[in-house]
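Structure, as structure tokens:
Throughout, a chain's letter reflects where its sequence line sits, starting with A, and its residues are numbered from 1.
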Amino acid sequence: MAELPKTYNPRDVEGPIYERWLAADVFAPDGAGSTADPALPPFTIIQPPPNVTGSLHLGHAQRTAVEDLLVRHARMVGHPTLFLPGLDHASIAAQFVLDGVIAKEGESRQSLGRERYLDRMRAFSESTKPVMLAQQRRVGASADWGRLRYTMDDGSAKAVRVAFERLYRDGLAYRTEALINWCPGCRTSVSDLEVVPTPETGTLWSVRYHLLDEATGQPSQDETITVATTRPETILGDVAVAVHPDDDRYRALVGRRARIPFVERDVPIIADDVVDRAFGTGAVKITPAHDQDDYVTGKRHHLPMPTILADDATVTNTGTRFDGLDRYEARELIVAELAARGDLVDQKPHEMIIGRCQRSNDVLEPRLKTQWFIRTKPLADRALDATRSGRTRILPERFEKTWEHWLTDIRDWNVSRQLWWGHRIPAWYCPDGHVTVSSAQDGPETCEVCGRPATELTQDPDIFDTWFSSGLWPWSTLGWPDDTPDYRTYYPTSVMETGYDIIFFWVARMMMLGLHLTGHEPFHTVYLSGLIRDPEGQKMSKTKGNVVDPLAVIDETGADALRFALIHGAAPGQDQRFGRTKLENARNFANKLWNATRFVVGARPSTIAEDAERRLPAESDLGPAERWLLSRASATTEAVDAAMAEFAFGEVTRLVYDAIWNEFCDWGVELAKVRLADESLPAATRETTWWALVEALDTYLRLLHPVMPFVTEQLWGALPHRASDPALLIVARWPAPGGRDERVEAEVGSIVELIRGLRNARAESRVEAKSWLPTEVAVPSAMGPTFEALRPAVERLARARPLERRLSREALGQGHGSDAGTLTVIAGELEAIARLPDGTADAAARDVERARLERELEEARGWLAGARARLANEAFVSKAPPAVVEGARAREAELVDQVERLEDRLADLGS
RNA sequence: GGGCGGUUAGCUCAGUCGGUCAGAGCGCCUCGCUUACACCGAGGAAGUCACUGGUUCGAGUCCAGUACCGCCCACCA
């Protein structure tokens with residue numbers, strides 16, 4: 001048994017405890033210290049890998065806390081548990097960060113070049129990795145560090161290649177020219193999910209295009225058609241003007257041609273019902289290469305699709321003087337020029353939604369590019385089937401709707417990125433344009449179409465969207481595509497815990513890819529956590545400066561308090577405001593537990609050897625207080641099991657918190673103190689009391705361990721163990737439910753209520769805290785033994801002495817009559833009268849007492865009226881379940897009795 | 001434009017199967033005799049469960065609608 005310092009200092013506890021776990025090798029399912037039951041199925045959590053871009057924030061700490069809670073619980077139950085940690089190379093996010101770093105050195109991606117840039121990136125990520133791993137250890141993650149994986153390691157690289165080739169061979173990956181979202185800042189395409197629709201006030205310009213005179217073929221001065229646009233620079237890419245087919249204003253113009261200014265291109269006026277007649281002028285300019293709607297329209301009408309913007313969003317390829325200008329400079333000049341020509345008909349502010357880059361915040365440009373896409377429809381159908389069939393469950397359930405909606409309307413996934421940091425797309429092109437996709441580490445030997453040698457092939461310069469490699473995470477980390485023991489044992493995994501904000505980015509893609517590539521749902525449960533917000537409800541972000549460093553919190557209050565605070569009061573999928581008070585509450589709780597354990601350890605009767613084995617006392621030796629304690633521990637175990645089964649972790653912490661603080665400490669310990677100090681009792685009785693305390697505390701430490709692993713481990717180490725217990729709590733067995741004693745719970749419960757009542761009455765009547773009041777209690781004979789066993793405790797805790805027992809209510813107060821000097825307390829079947837100290841029993845005291853009793857009477861009458869009204873309702877009696885009616889009747893009888901007694905007492909008090 | 005969530009004590013939030021569930025923490029007010037704990041103990045005050053209607057014997061809980069707040073999805077120039 002370890003010594004417990006007088007004060008709880010998490011810093012002294014947590015580091016050494018983590019070292020002990022590591023030394024004992026208990027994290028790995030096949031570690032030397034594992035106590036797993038091989039007969040039970042494995043429990044696997046693959047950690048959502050945090051980005052290597054820097055340090056972890058509170059959201060990560062919350063993730064880790066929840067995952068670790070699940071893993072520790074499963075480990076204690078006896079499952080072989082794998083908690084596999086990892087890191088994500090975070091392609092675009094990492095490049096964004098590194099670009100910022102090197103910019104300060106006057107360098108850029110372009111100035112460094114691909115290879116030097118990648119070297120720089122590798123060095124950068126190697127520098128952040130240890131920081132992040134250390135943070136996770138501080139939080140207490142019981143992860144199997146020996147199996148640590150990284151999305152850029154060789155295993156992941158192989159998985160990416162093989163996965164892509166499989167998808168390609170199966171017709172689910174294809175390369176095509178399509179309109180994609182282009183970020184001029186990041187110089188890459190991004191997926192639809194990375195577009196942030198941003199409301200902005202722009203300008204809607206109305207521009208007049210001149211129709212061609214049918215006779216001369218020259219632009220007419222008079223005949224014009226006015227189009228509305230928010231992006232005048234795209235005029236340079238216009239290939240048509242569209243109107244609605246049923247629009248009478250323009251019907252006659254359909255089929256004629258108009259001259260596009262600057263590029264002097266003559267384009268047709270076409271009819272298409274995508275046009276909204278009510279918007280703008282009802283005539284739309286069509287720029288297929290730079291607008292989603294126009295692209296579709298252009299396809300439909302077989303229009304040409306000139307690209308007029310370069311990668312850096314400068315105008316290009318128009319043959320005008322705008323070439324080389326930034327898109328916004330060009331816009332300004334074009335507007336000015338149009339105005340000068342008299343063709344700018346109108347301009348007005350316009351509220352619109354503009355797509356910005358999730359990473360750089362640049363305004364995205366739709367552009368035509370040849371890219372690789374994943375055909376998602378067939379994959380999405382299987383993913384939908386997984387959740388609809390219940391093979392995979394999403395918690396909280398409401399997210400299944402979101403899931404359904406997104407997967408039903410899913411569009412193909414652009415996976416090409418024009419970035420450097422990531423997995424290169426394993427596609428090679430030969431001079432004849434043939435495509436060879438190969439998962440071979442060194443690429444294909446020949447073009448698979450024409451047989452040209454590898455030396456003549458060029459690999460696609462692009463890399464994969466970072467989510468492509470993370471989308472393979474649950475199985476690539478276990479050795480896939482190889483048939484490894486880990487893959488066979490731990491896949492499919494158990495629970496995927498992550499934030500709801502990446503359900504599409506990540507969870508849906510893992511599900512889609514996993515089903516196709518491995519044939520299994522990658523996890524049976526998806527648990528979505530809510531987001532951590534600051535005390536004002538704001539999302540935490542670096543730019544707002546409200547990001548909290550978990551390490552700072554841990555330094556101050558300990559990892560246990562942080563974990564408890566993050567889990568306590570959090571409902572699944574529900575955002576949570578996080579601030580000091582929650583943290584302080586959690587720290588206070590840890591402190592409370594520490595001191596309670598210290599008391600128990602210090603209260604060991606001298607007749608028990610310090611190194612005695614923990615043993616449950618003989619049933620017959622247990623008094624009511626001891627039975628109550630053990631029964632309540634069982635009740636808590638049952639409730640915690642139920643909450644765990646429903647992933648209601650906030651409920652778990654609430655249950656354990658209440659049980660430890662309000663039951664174990666407030667009553668268990670207080671009742672035990674009286675017996676432990678009672679020299680008149682036989683030593684064996686006191687030993688029994690102590691063993692019951694130890695037993696209950698042992699149970700609570702086990703129940704709390706998944707949430708607060710460090711402090712519980714430390715405290716458990718200070719308690720006596722059984723021979724069958726392992727050396728460490730982390731691998732000890734989860735408590736088994738059972739052993740409730742409802743009668744003793746009720747009886748001790750009413751004695752507790754009596755003590756509370758007496759304390760309340762004393763406080764109301766302003767009885768000095770230190771004074772002892774002579775008290776009589778009427779105790780029904782059935783409760784006699786329990787009362788007698790607890791009599792010393794009632795005396796001390798209610799400060800009632802001498803305490804005399806009466807057999808009936810009628811026998812109360814015989815000794816001194818009914819005068820102003822008494823307090824009456826009714827607690828269930830028990831009733832007590834306490835006599836006020838001499839000198840305080842005056843008329844004023846009587847008024848206070850009467851007022852208190854009248855208040856209670858009023859309240860009881862109110863309840864009684866309610867109960868009677870219910871029972872008087874015939875519909876209730878006939879339709880409600882018999883048990884409910886019975887309960888109401890019993891309640892009524894109880895209230896009748898209570899009202900009677902209060903009335904009697906008030907009558908006795910006189911006026 | 002669709003979809004989802006939130007609205008419960010001064011503040012932050014729980015509340016599962018409709019039935020004494022009106023709950024917790026913090027804050028607030030009284031009082032502290034008692035060698036585990038002042039990061040504590042005892043006691044207390046405090047809510048028309050956003051609003052309207054409905055279903056039901058019974059609604060914080062289920063249904064419909066309304067009002068705010070927030071989020072997600074969506075090709076209106």
(request) Can you run down the ring-ring contact (aromatic ring centres under 6.0 Å, His included) pairs that involve residues 569-591 of chain A, sequence neighbours left out, and say none if there aren't any? (result) A:Phe564-A:Phe589, A:Phe589-A:Tyr657

(message) For a quick check of understanding: with a heavy-atom distance under 4.0 Å over all strands, which category does A:Arg231 fall into, base, sugar-phosphate or nothing?
(response) nothing

(message) At 4.0 Å (heavy atoms only), tell me whether A:Trp863 reaches a base, stays on the sugar-phosphate, or touches nothing.
(response) base

What side-chain donor-acceptor pairs closer than 3.5 Å can you find for residues 665-675 of chain A, not counting sequence neighbours?
| unit_1 | atom_1 | unit_2 | atom_2 | d |
| --- | --- | --- | --- | --- |
| A:Glu670 | OE2 | A:Lys673 | NZ | 3.1 |
| A:Arg675 | NE | A:Glu626 | OE2 | 3.0 |
| A:Arg675 | NE | A:Thr689 | OG1 | 3.1 |

(request) Please tell me which of A:Asn591 and A:Arg891 maps to the more 5' nucleotide of RNA chain B, matching each residue to the nucleotide holding its nearest heavy atom. (result) A:Arg891

(request) Could I get the full list of side chain to side chain donor-acceptor pair (under 3.5 Å) partners for A:Asp897, not counting sequence neighbours? (result) A:Arg809, A:Arg901

(message) Contact list please: residues 576-586 of chain A against RNA chain B, heavy atoms, distance less than 4.0 Å, in numerical order.
(response) A:Arg577, A:Thr581, A:Lys582, A:Asn585

(request) Please identify each residue that fulfils ring-ring contact (aromatic ring centres under 6.0 Å, His included) with A:Phe505, with sequence neighbours left out. (result) A:Trp467

(request) Check every strand shown and say whether A:Pro197 touches a base, only sugar-phosphate, or nothing at a heavy-atom separation below 4.0 Å. (result) nothing

(message) Under the salt bridge (charged side-chain N to carboxylate O under 4.0 Å, His left out) definition, can you give me all pairs with a residue in residues 274-292 of chain A, not counting sequence neighbours?
(response) A:Arg231-A:Asp291, A:Asp238-A:Lys285

(request) Can you sort out which residues in residues 655-667 of chain A have a heavy atom within less than 4.0 Å of RNA chain B? Ascending by number, please. (result) A:Tyr657, A:Trp661, A:Cys665, A:Asp666

(request) Provide the full list of salt bridge (charged side-chain N to carboxylate O under 4.0 Å, His left out) pairs with a residue in residues 582-601 of chain A, sequence neighbours left out, each pair given once. (result) A:Arg580-A:Glu584

(message) Base, sugar-phosphate or nothing for A:Glu670? Non-hydrogen atoms, less than 4.0 Å.
(response) base

(request) With sequence neighbours left out, write down each residue that passes side chain to side chain donor-acceptor pair (under 3.5 Å) with A:Asn414, or none if nothing qualifies. (result) A:Ser189, A:Gln371

Can you give me every donor-acceptor pair (side chain of residues 872-880 of chain A, partner residue at least two apart or in another chain, under 3.5 Å) with its distance?
| unit_1 | atom_1 | unit_2 | atom_2 | d |
| --- | --- | --- | --- | --- |
| A:Asn873 | OD1 | A:Ala875 | N | 2.9 |
| A:Ser878 | OG | A:Glu874 | O | 3.0 |
| A:Ser878 | OG | A:Ala875 | O | 3.2 |

(request) Give RNA chain B the dot-bracket treatment, 5' to 3': Watson-Crick (N1-N3 with N6-O4 or O6-N4) or G-U (N1-O2, O6-N3) under 3.5 Å, [ ] crossing, | other strand. (result) (((((((..((((.....[...)))).(((((.......))))).....(((((..]....))))))))))))....

(request) Heavy atoms of chain A, cut-off under 4.0 Å: which first and last nucleotide of RNA chain B, 5' to 3', fall inside that, if you could look? (result) B:rC4 to B:rA77

(request) Would you mind classifying the nucleic acid contact of A:Ala590 as base, sugar-phosphate or nothing, using non-hydrogen atoms under 4.0 angstrom? (result) nothing

